[in-house]
Structure formats: structure tokens, C-alpha cells
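Right, one structure below, let's go through it.
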Amino acid sequence: MDANTFVLFGATGDLAKRKIYPALFNLFLDGKLPDVFSVIGLGRREWSDETFKANIERSLHSFSRRDASNAEAVNQFLGFFRYHVLNVDRKEDYQSLLQRVEEGERTAGIAPNRLFYLSVGPELFETIAAHIQDSGLGDTKGWKRLVIEKPFGRDLQSARDFNAQLSKAFTEEEIFRIDHYLGKPMVQKLQLLQQTNPVLQASWNKRYIANVQITASETVGVEERAGYYDHSGALRDMFQNHMLQLLMMLAGHLPKGDDSEQVRNKKKHVMQSLEPLPRQDVATQVVRGQYASGSIQGKPVVGYKDEAGIPQDSHNDTFIAAKLQIEDDFWRGIPFYIRTGKRMKEKATRIVIEFREPVKQIAAPNNGGAPNLLVFEISPNEGIYLRLNTEGEAQQQDLTKVLIGSHKSGSDVPEAYENLIYDALRGDSSFFAHWDEVELSWKWVQPILDAYAANEVPLHAYPAGSFGPKAAHELLAKDGFEWWFDQESEAASTEVQTVTPSAKEALSIK
Ligand SMILES: NC(=O)C1=CN([C@@H]2O[C@H](COP(=O)(O)OP(=O)(O)OC[C@H]3O[C@@H](n4cnc5c(N)ncnc54)[C@H](OP(=O)(O)O)[C@@H]3O)[C@@H](O)[C@H]2O)C=CC1
Ligand SMILES: O=C1O[C@H](COP(=O)(O)O)[C@@H](O)[C@H](O)[C@H]1O
């Protein structure tokens with residue numbers, strides 16, 4: 001990996017503390033940082049290098065998935081960091097930053113490769129990108145890269161404007177747009193699993209697949225983010241980016257190997273093949289919801305409108321379910337159902353592939369049986385399961401869930417940010433959102449934004465702690481389907497029938 005300087009805007013902020021320092025620390029423990037490396041943290045706060053390092057150390061103790069009690073390792077890690085006061089609007093601050101970066105490159109013998117990570121609000125991105133350019137920071141003999149966090153715009157037009165501004169200072173190849181769902185290990189493995197396992201390949205076609213369900217449910221509510229969330233909602237916050245990226249990763253027939261250009265083309269193909277959703281159809285294909293009061297894991301919680309900072313008349317969406325169709329030869333006729341929401345019954349991101357009726361009849365010809373399912377548990381736990389008919393009269397609860405890969409609980413799974421920062425340091429953009437994907441996603445979503453804004457779509461209340469509004473269940477019921485796992489308790493859904501070690505090895509997917 002190339003030696004480089006990691007220039008972190010927003011080094012005093014929440015994301016840096018909760019995600020970026022712990023991710024860098026875990027990469028360090030895994031020997032995945034460059035041997036010659038330096039991090040310059042930036043913020044307006046008048047911190048010294050020592051205060052900065054003390055804050056980083058605290059963040060490791062609070063948020064690192066691996067133990068940070070080895071003082072020697074922690075001190076060695078902290079040796080990479082320095083702090084520089086910078087206000088993004090002050091041109092002269094970039095000049096002093098440039099001097100500091102160049103001085104570090106000279107004294108530590110670091111090649112002039114510079115990664116600029118913008119962990120600040122998106123309203124600052126354009127200013128920063130322009131100053132990186134005009135200060136000479138971006139004028140380097142080595143490489144330069146820009147890592148940015150979502151949101152990438154708030155509708156199609158603003159996303160285009162925003163991208164046009166960034167493109168003045170950085171080429172598309174230099175821009176790494178983080179969508180942290182793309183950093184989740186199971187998401188990164190989705191295609192490899194399918195390509196390397198004949199069992200999956202054999203059934204992975206429209207002869208056998210009846211429908212695909214993608215769910216990201218959260219138990220948390222709006223938390224302290226009312227100001228942001230009430231202007232975003234589930235559609236902008238989760239659906240336009242994370243959920244559509246999951247769809248692209250699942251449906252995209254990605255190539256073997258890590259040719260990022262090809263990966264992006266395949267994902268783009270999915271978005272280009274999505275049947276457009278005309279505004280007049282939004283009300284029948286999309287369910288909009290907002291949580292009311294209820295209880296989460298036995299504790300009463302208030303409804304969305306009673307959350308701190310949310311106006312009583314808010315029409316904001318905290319839940320969305322939608323039906324999508326991919327119009328290509330492979331997926332034509334197979335509906336995709338996608339839903340995401342806050343204050344739902346369980347925290348789980350999973351993809352369920354439901355197999356067709358004929359399999360059901362073969363399995364239990366006399367009583368109907370129940371369809372086989374292939375389940376990808378993405379987070380917080382990770383695993384792949386097959387649901388098979390093992391009882392005569394199979395109902396949802398009678399299906400046996402067979403673990404076919406390894407099951408990992410949250411703390412064993414590398415954080416998405418570890419994978420993504422590692423890839424950005426290596427210059428591999430396979431698991432970052434390309435502009436084409438972002439633009440096509442906004443294009444598909446725009447009629448929904450318009451229909452919501454004109455209040456053409458009912459806003460269904462759902463009790464906190466439920467699986468969302470009834471209308472989301474009717475969306476599938478009209479096609480003769482149902483959302484899988486909604487009837488099960490959390491405990492039941494994690495209860496697995498693990499196959500014997502030898503059989504497990506035979507089925508094991510690495
Ligand atoms: N927190 C999270 O979990 C997630 C955050 N994000 C995104 O990450 C980005 C950062 O979010 P988060 O860390 O939560 O935000 P915070 O508000 O916690 O931090 C903002 C950071 O920006 C710095 N900053 C603000 N204004 C200026 C300025 N004028 N000049 C220099 N620095 C400035 C602050 O430093 P100082 O106060 O010292 O000036 C601080 O370090 C946002 O784009 C957010 O949408 C995305 C996903 C999750
Ligand atoms: O980007 C976001 O994601 C989180 C959910 O992420 P997960 O990894 O915990 O599934 C969500 O809570 C947040 O609102 C959104 O901005």
C-alpha cells in the first residue's frame with residue numbers, strides 16, 4: 001500500500017469518534033495501514049496534538065470492536081496523528097495546512113499521496129473541495145483522493161449540481177462516495193457466494209425464484225438527529241442510497257475479481273433496467289409510514305411527532321416499503337419488495353429469496369408445504385440460511401432454518417468502515433457509489449419525492465415495535481406473498497438448526 005497522508009476534516013466530530021478512529025485502529029491491529037503513514041485531523045476547536053490524541057484514545061475505549069487496553073499498541077497507533085486548526089471558510093488555513101502536510105512528507109519520507117476525508121456536513125463539501133484545489137493541496141506529484149459521506153444531494157437536481165461542483169476539483173476516479181452498507185462484509189460477499197457455489201447457481205434464476213425481499217429494520221427512533229431527519233425521512237436517509245445499493249449488489253451479476261469498472265457497469269445496468277415508477281403509480285406501489293407510540297423490547301416509547309425537535313404536524317416518513325421490477329431477461333417477472341423503517345420490532349438487515357410454488361408442491365404435495373427460502377443475514381449478525389420443509393404441514397414457524405455458512409455475531413464482524421477505509425487507502429473503488437449509480441437512484445426516486453411533497457401518498461401510522469403499517473403487508477398480499485419472518489419473535493429468528501460439522505463443511509461458504 002502506498003505511503004500517504006490522511007487529511008481528516010471533521011476530526012473533532014461524532015463520525016470520526018464513533019467510526020473512523022476505531023476503524024483505523026482495527027486496520028492497524030490487522031497490519032493493514034501503510035508502513036509510512038500520517039493522519040492530520042482538522043477542526044475549528046483549538047486543540048493541541050495531545051488533546052487530539054487523548055480524544056482518539058477515548059474513542060477507541062468506547063467504540064473499538066477490539067480491545068484497546070494494550071498501551072504499547074495504542075501509543076504506536078497514536079503516533080500517526082497530529083492536529084491542525086482549520087476553519088473551512090478561511091483560505092489562509094489551507095496554506096498553513098499545506099505547509100504542515102509538506103513538512104510531514106519531507107521529515108517522515110512520505111510520498112506526496114493525499115487522501116482528503118470529509119467527515120463534515122455536506123454543505124461544506126464544495127467549499128473544501130475548491131480550497132483544496134486553489135491552495136495547492138490538491139496539486140501533488142502523487143495521487144489525491146476525496147472521500148465523502150452521504151447525503152449526496154437531496155433530490156435529482158441538487159445531486160447533479162453538487163456533483164458538478166465537486167468535479168471541478170476531483171475526477172470521478174478520485175472521488176470515493178461512502179455508502180456504509182457497501183462496506184458490510186456480507187454485502188461484499190453476495191456475488192462471490194453465488195458465483196462459487198453450484199447449489200446457489202442452480203437455483204438462481206427465474207424458473208425457481210418467486211420474489212426477493214430486502215429489509216433493513218431498525219429499533220431506534222430519530223434519536224438526537226431531529227434537525228437532519230425531519231428534512232430527510234426514510235426515503236432519502238436509507239432508501240435512495242443503502243436500499244438501492246443492496247438491490248444493485250444482489251441483482252447485478254457482478255464479475256469475479258475486483259475490476260471496479262466492471263462492478264460499476266453491472267450495478268448501473270440494474271438501475272437502468274429498473275422499471276420507472278410514474279408519479280401516478282406511487283400511491284399503489286409505495287407505502288409511506290410514520291411511527292406512533294408503542295413499545296420496543298418491553299419499554300414504552302413515544303411516537304415520532306412527540307420526539308424532541310419534531311413538529312407536531314410533521315408529515316415526515318420514517319418507513320417506506322416499495323415494489324420494484326427489473327426489466328431485463330434475467331429478472332423480468334420477479335418482484336423485488338424493499339422496506340426500511342425506524343422503531344420497528346427488530347434490528348435486522350436481511351435479504352430473503354423466496355422460491356417458487358413447484359418446489360413447494362414437490363416438498364409436500366398433499367398439504368401445500370411452504371416455499372423454500374434462502375436468507376442472507378447482513379447485520380448486525382451475519383449468516384446464510386436455507387429454510388427447508390421438514391415437517392408435514394409446514395407453516396412459517398415449522399420451517400427448519402439450516403445454517404449453511406458461518407454465523408457471526410456483531411462483534412466478530414469487521415465494521416463497514418474498516419473495509420471502506422482500507423479500500424480507499426488502496427484506491428479500490430469497487431465498493432463505493434459511482435456518480436452514475438447515484439444519479440440513476442435519484443432519477444428513480446424523484447417521482448416518489450414529488451408524490452410525497454404533493455401529499456398524494458397516504459401516510460400510515462404504525463405502532464413503534466411493529467413491523468410497519470398494515471399497508472406494507474397488503475402490498476405483498478395482493479401478489480399472493482407475505483413478508484417473511486414478521487411473525488417470529490427475535491429469539492425464534494435467531495434460533496438455527498445447525499447442520500452437523502461434516503455436513504456443514506460440505507455446505508460451507510467461505
Ligand atoms: N455521525 C454519524 O453516525 C454519521 C454521519 N454521517 C455524515 O458524516 C458527516 C459528519 O457527521 P458528524 O460527525 O455526525 O457531525 P458532527 O456535527 O459531529 O461533526 C462535524 C465536524 O465538522 C467540523 N466543522 C463544522 N464546521 C466547520 C467549519 N466551518 N470548519 C471546520 N470544521 C468544521 C466540526 O469541527 P469543529 O466543531 O471543531 O469545528 C466537527 O468536527 C456528515 O456529512 C454526516 O451526514 C454519515 C453517516 C453516519
Ligand atoms: O446511514 C444511516 O444508517 C443507519 C443504519 O445503519 P446500520 O448500519 O445500523 O444498519 C441509520 O440509523 C441512519 O439513520 C442512516 O443515516
Side-chain angles (χ1 to χ4, degrees), residues 7-23 40-47 51-52 55-56 59 63 83-91 93-94 97 116-128 131 147-154 162 177-187 214-246 316-320 340-344 346-350 377-382 410 413-417 419-420 433:
V7 182
L8 179 60
F9 292 79
T12 58
D14 181 70
L15 182 71
K17 176 176 76 181
R18 288 198 304 111
K19 297 290 180 188
I20 300 174
Y21 303 134
I40 301 190
L42 306 170
R44 288 167 303 183
R45 274 163 246 198
E46 301 275 343
W47 282 2
T51 316
F52 182 41
N55 274 283
I56 296 170
S59 113
F63 301 109
Y83 184 76
H84 189 82
V85 178
L86 176 140
N87 184 327
V88 300
D89 298 317
R90 287 164 48 110
K91 227 173 162 179
D93 288 357
Y94 294 82
L97 173 63
F116 301 97
Y117 194 125
L118 310 197
S119 179
V120 294
E123 68 284 359
L124 303 180
F125 290 1
E126 288 172 29
T127 310
I128 295 173
H131 283 316
V147 178
I148 53 174
E149 288 285 342
K150 67 154 228 226
F152 316 124
R154 47 178 291 107
F162 173 57
R177 294 177 197 82
I178 288 202
D179 182 308
H180 80 274
Y181 271 50
L182 290 177
K184 293 186 187 262
M186 182 57 80
V187 176
I214 307 178
T215 297
S217 59
E218 297 189 81
T219 49
V220 293
V222 66
E223 298 185 291
E224 288 87 36
R225 297 164 77 210
Y228 155 75
Y229 194 79
D230 201 51
H231 292 98
S232 171
L235 177 56
R236 288 188 174 95
D237 184 51
M238 293 287 292
F239 189 92
Q240 176 273 331
N241 37 71
H242 305 321
M243 304 311 286
L244 289 180
Q245 283 291 343
L246 288 180
N316 192 34
D317 51 308
T318 64
F319 174 96
I320 176 171
T340 180
K342 291 206 182 281
R343 283 282 189 239
M344 292 177 67
E346 59 167 349
K347 169 73 183 162
T349 300
R350 71 166 67 91
E377 289 287 353
I378 292 171
S379 63
N381 299 327
E382 201 185 83
V413 181
E415 280 268 349
Y417 276 86
N419 289 334
L420 295 173

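Ligands are counted one by one from 1 in listed order, and the atoms in each one are counted from 1 as well. What you see is a predicted model, and the numbers here were worked out from it, not measured in a lab.
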Side-chain H-bond candidate by donor/acceptor type, Lys342 with Thr318, under 3.5 Å: no
Non-hydrogen side-chain atoms of Asp179 and His242 separated by less than 4.5 Å: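 The answer is yes; the side chains approach within 4.5 Å.
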Looking at non-hydrogen atoms alone, which of [options] comes nearest to [atom]?
atom: atom 3 (O) of ligand 1; options: Glu46, Arg18, His180, Glu123; result: Arg18
atom: atom 34 (C) of ligand 1; options: Asp93, Thr12, Leu8, Ile148; result: Thr12
atom: atom 8 (O) of ligand 1; options: Thr127, Ile178, Leu15, Leu86; result: Leu15
atom: atom 14 (O) of ligand 1; options: Asp14, Asp89, Leu118, Leu124; result: Asp14

Under 4.0 Å from any heavy atom of [X], which atoms of ligand 1 are there?
X: Lys150; value: 7 (C), 43 (O), 45 (O)
X: Val120; value: 9 (C), 10 (C), 22 (O), 23 (C), 42 (C), 43 (O)
X: Gly13; value: 13 (O), 18 (O), 19 (O), 40 (C), 41 (O)

When you pair each N or O of ligand 2 with protein N or O atoms, which pairs come out under 3.5 Å?
residue	atom	partner	partner atom	Å
ligand 2	1 (O)	Lys150	NZ	2.7
ligand 2	1 (O)	His242	NE2	2.7
ligand 2	6 (O)	His180	NE2	3.2
ligand 2	8 (O)	His180	NE2	2.8
ligand 2	8 (O)	Lys184	NZ	2.6
ligand 2	9 (O)	Lys347	NZ	2.8
ligand 2	10 (O)	Tyr181	OH	2.5
ligand 2	10 (O)	Lys347	NZ	2.9
ligand 2	12 (O)	Glu218	OE1	2.6
ligand 2	12 (O)	Glu218	OE2	3.2
ligand 2	12 (O)	Lys342	NZ	3.2
ligand 2	14 (O)	Arg225	NH1	2.9
ligand 2	14 (O)	Asp237	OD2	2.6
ligand 2	14 (O)	Lys342	NZ	2.9
ligand 2	16 (O)	Lys150	NZ	2.9
ligand 2	16 (O)	Arg225	NH2	3.1
ligand 2	16 (O)	Asp237	OD1	2.7
ligand 2	16 (O)	Asp237	OD2	3.4

Atom 17 (O) of ligand 1 protein-contacted (non-hydrogen atom, under 4.0 angstrom): no
Residue, atom name and distance, where the atom is the protein heavy atom closest to atom 25 (C) of ligand 1: Arg44 NH2, 3.5 Å
Residues Arg343, Glu218: salt bridge by 4.0 Å N-O rule: no
Cation over ring face, Lys150 and Phe152, 6.0 Å, 45°: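 Verdict for Phe152: no cation-pi partner in Lys150.
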Indicate yes or no for a side-chain donor-acceptor contact from [X] to the backbone of [Y] under 3.5 Å, with no hydrogens or angles considered.
X: Asn241; Y: Arg236; answer: yes
X: Tyr21; Y: Ala11; answer: yes
X: Asn316; Y: Tyr229; answer: yes

Location of contacts on Glu149 toward ligand 1, heavy atoms closer than 4.0 Å: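 Under 4.0 Å from ligand 1, Glu149 contributes side-chain atoms alone.
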Within reach of ligand 1, part of Lys19 (heavy-atom separation under 4.0 Å):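 It is neither; nothing of Lys19 touches ligand 1.
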